[in-house]
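One structure below.
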There are 2 protein chains.
Amino acid sequence: MAWVDEAATTLRGAGYRPGAAGQLVLEHLAAQNCCVGAKEIHDDLRRHGRTVGLASVYRMLDALSEQSLVQRVDVGDGIVRYEPARRSDHHHHLVCARCHGVAELEGCEVDEWLGQAAREHGFTPTGHTLEVTGLCAACQAA
Amino acid sequence: MAWVDEAATTLRGAGYRPGAAGQLVLEHLAAQNCCVGAKEIHDDLRRHGRTVGLASVYRMLDALSEQSLVQRVDVGDGIVRYEPARRSDHHHHLVCARCHGVAELEGCEVDEWLGQAAREHGFTPTGHTLEVTGLCAACQAA
DNA sequence: GTCAGTGCAAAGCTTTTGCAGCGCG
DNA sequence: CGCGCTGCAAAAGCTTTGCACTGAC
């Protein structure tokens, strides 16, 4: 099932009924492969002629976040980013401590360990973020 | 070597010379085992009669962050938290998507995989954060 | 004497909240 | 008809920046 559909269904199940604005945000998110900020989404939609309130973007992101349909990604530049939580395309991030640049790190080998460890705490995991801090190639050279 | 000393040394090496305020922030951080926010640090120091500017706290955190001496922790409530990056006491977090509560998850089994994967990207890792999102026991029951 | 760190105050930005309007059930 | 999503505008924080001051080299 495509992420958009799954998201819409889950949201509806949670009593949230996305309207026009919500649908646009959803579709825009689905088109992203890596993290985007709220303002970025808002600007992009506007640029395409879609009138969407910034507040609606935030509201939608909140709802999605609560259902674990998106993952928050904190790069360290003060802007909160989100990315669709797909089972496929599950990846992590290499975040440079100097320039705050982000690179994707494919693959993930923590799921099993994590799931078990979390459940031992009575916690039901629905996803996770893993950010590696360090220095990117460019900043090392500098 | 204690974290405070290592931090002070590293900072000095980076050309940053912590004064009275910096020292206080450093010591306060060292006394924490889990994440604290900037404002929290500021308030605590004030409460103990130490006059430290909020700006100094942020400046110190920035410097520490750039040297990877602290780890940013994003819980999802809009407040950026930091915790000292010690080799011992390396842990991760279980973050509830509903109530934003945080629990510690001891242990870490990703270092080896991570180090190698990161280096393949020309990235030099100095640390990492791993946040597990899901539902805490309390929110599941509700 | 110079230069970096500091505190205070003001500014900046992202994010949140309030409120009237509109559309879908 | 009612309830909830929407947009706009205003408000609320957290964080950053500017500036004069102080202390260390």
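Every chain is numbered from 1, with letters handed out A, B, ... down the list of sequences. These numbers come from the heavy atoms of this one structure, side chains and all, not from hydrogens, waters or symmetry mates. In this text the structure is predicted, and so the values were computed from the model without any measurement.
When heavy atoms are screened at a 4.0 angstrom cut-off, Gly22(B) is found touching the sugar-phosphate backbone but no base atom. Counting any heavy atom pair closer than 4.0 Å across all strands shown, Ala55(B) reaches a base atom.
The separation between Met60(A) atom CE and dG7(D) atom C1' is 15 Å, rounded to whole Å. Regarding Arg46(B), its CZ atom lies at a distance of 8 Å from the P atom of dG7(C), rounded to whole Å. Atom CZ in Arg17(A) sits roughly 7 Å away from atom C1' in dG25(C) (whole-Å rounding). Here dT14(C) presents its P atom at 6 Å from CD1 of Ile79(A), a figure rounded to the nearest Å. At whole-Å resolution of the value, CG in Asp62(B) and P in dT6(C) are 13 Å apart. The NE2-C1' distance, from His42(A) to dA9(D), rounds to 13 Å in whole Å. What separates CG of Leu54(B) from P of dT16(D) is a distance of 10 Å, to the nearest Å. Distance CZ (Arg50(B)) to P (dG7(C)): 12 Å, rounded to an integer number of Å.
Distances shown here put a side-chain N or O of Ser56(B) below 4.0 Å from the OP1 or OP2 atom of dG7(C). For dT15(C), the OP1/OP2 oxygens have a side-chain nitrogen or oxygen of Tyr58(A) closer than 4.0 Å. For dG18(D), the OP1/OP2 oxygens have no side-chain nitrogen or oxygen of Arg59(B) closer than 4.0 Å.
No donor-acceptor pair under 3.5 Å is formed between the side chain of His42(A) and the backbone N or O of Glu40(A).
Along DNA chain D, the nucleotide nearest Tyr16(A) and the nucleotide nearest Ala38(B) are compared for position; the residue whose nucleotide lies closer to the 5' end is Tyr16(A).
In this structure, Arg59(A) does not pair ionically with Asp62(A), as no charged nitrogen and carboxylate oxygen lie closer than 4.0 Å. With respect to Asp74(B) and Arg72(A), a salt bridge is recorded, a charged nitrogen being found less than 4.0 Å from a carboxylate O. Using a cut-off of 4.0 Å between Lys/Arg side-chain N and Asp/Glu carboxylate O, Arg47(A) and Asp44(A) are scored as salt-bridged.
Taking the six-membered ring for Trp and the full ring otherwise, the centers of His128(A) and His93(B) sit at least 6.0 Å from each other.
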